[in-house]
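Notes for the one structure printed next.
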Amino acid sequence: MIPPQIQQSELIILVLAVALLPLMVRAYRGIDLPGKRWLAAMVAATLVAYVATIAEGFVLPEALNVLEHASFAVAGVCLARVAFELSRYRIGKGGL
């Protein structure tokens, strides 16, 4: 039974993210794009946020809530950096 502090949807999202992680790692290794490291940082920050979301139902709810939202903010900044790097990437230099 799921504790009342945890929503089913949050748990499902975490399970899916962890289950899909090997596929994301494999795809990451196969791509060659500028900003690739920022993309990995975005995925890592998102996973941290998902774990913090579930963990806050058990311990340190205030601190883990802050960590969750900070992690999502970091993920957003990393995604913006990926978009910036890709916008500077010239099709004539190798294309997308």
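The figures here come from the full heavy-atom set of this structure, side chains too, leaving out hydrogens, waters and symmetry mates.
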Which atoms form the tightest heavy-atom contact between Met42 and Ala75, and what is the distance? CG-O, 3.3 Å

Group every Ile, Leu, Val, Met, Phe, Trp and Tyr by side-chain heavy-atom contacts under 4.5 Å, then state whether Trp38 and Phe84 land in the same group. no

Do Val59 and Val51 belong to the same hydrophobic cluster, where Ile, Leu, Val, Met, Phe, Trp and Tyr are linked whenever their side-chain heavy atoms lie under 4.5 Å apart, directly or via other members? yes

Please, which pairs that meet salt bridge (Lys or Arg N to Asp or Glu O under 4.0 Å) have at least one residue in residues 42-67, sequence neighbours excluded? none

Group every Ile, Leu, Val, Met, Phe, Trp and Tyr by side-chain heavy-atom contacts under 4.5 Å, then state whether Leu21 and Ile54 land in the same group. yes

Could you go step by step and tell me if Val82 and Glu85 meet the side chain to side chain contact (heavy atoms under 4.5 Å, CB included) rule? CA-CA 5 Å; Val82 170; Glu85 293 288 333; 5.8 Å; no

Are Leu86 and Val77 co-members of a hydrophobic cluster defined by side-chain heavy atoms under 4.5 Å apart? no

Would you be so kind as to tabulate the donor-acceptor pairs closer than 3.5 Å made by side chains of residues 23-37, with sequence neighbours excluded?
unit_1 : atom_1 : unit_2 : atom_2 : d
Lys36  : NZ     : Tyr28  : O      : 3.1
Lys36  : NZ     : Ile31  : O      : 3.0

Do Val74 and Tyr50 belong together in a cluster built from hydrophobic side chains that touch within less than 4.5 Å? no

What is the distance from atom CG of Leu47 to atom CD1 of Ile13, rounded to the nearest 0.5 Å? 12.0 Å

Do you know which two heavy atoms are closest between Ser71 and Ala45, and how far apart they sit? CB-O, 3.3 Å

Check whether any side-chain heavy atom of Leu14 sits under 4.5 Å from a side-chain heavy atom of Thr53, and report yes or no. no

Could you list all the side chain to side chain donor-acceptor pair (under 3.5 Å) pairs where at least one residue sits in residues 10-24, not counting sequence neighbours? none

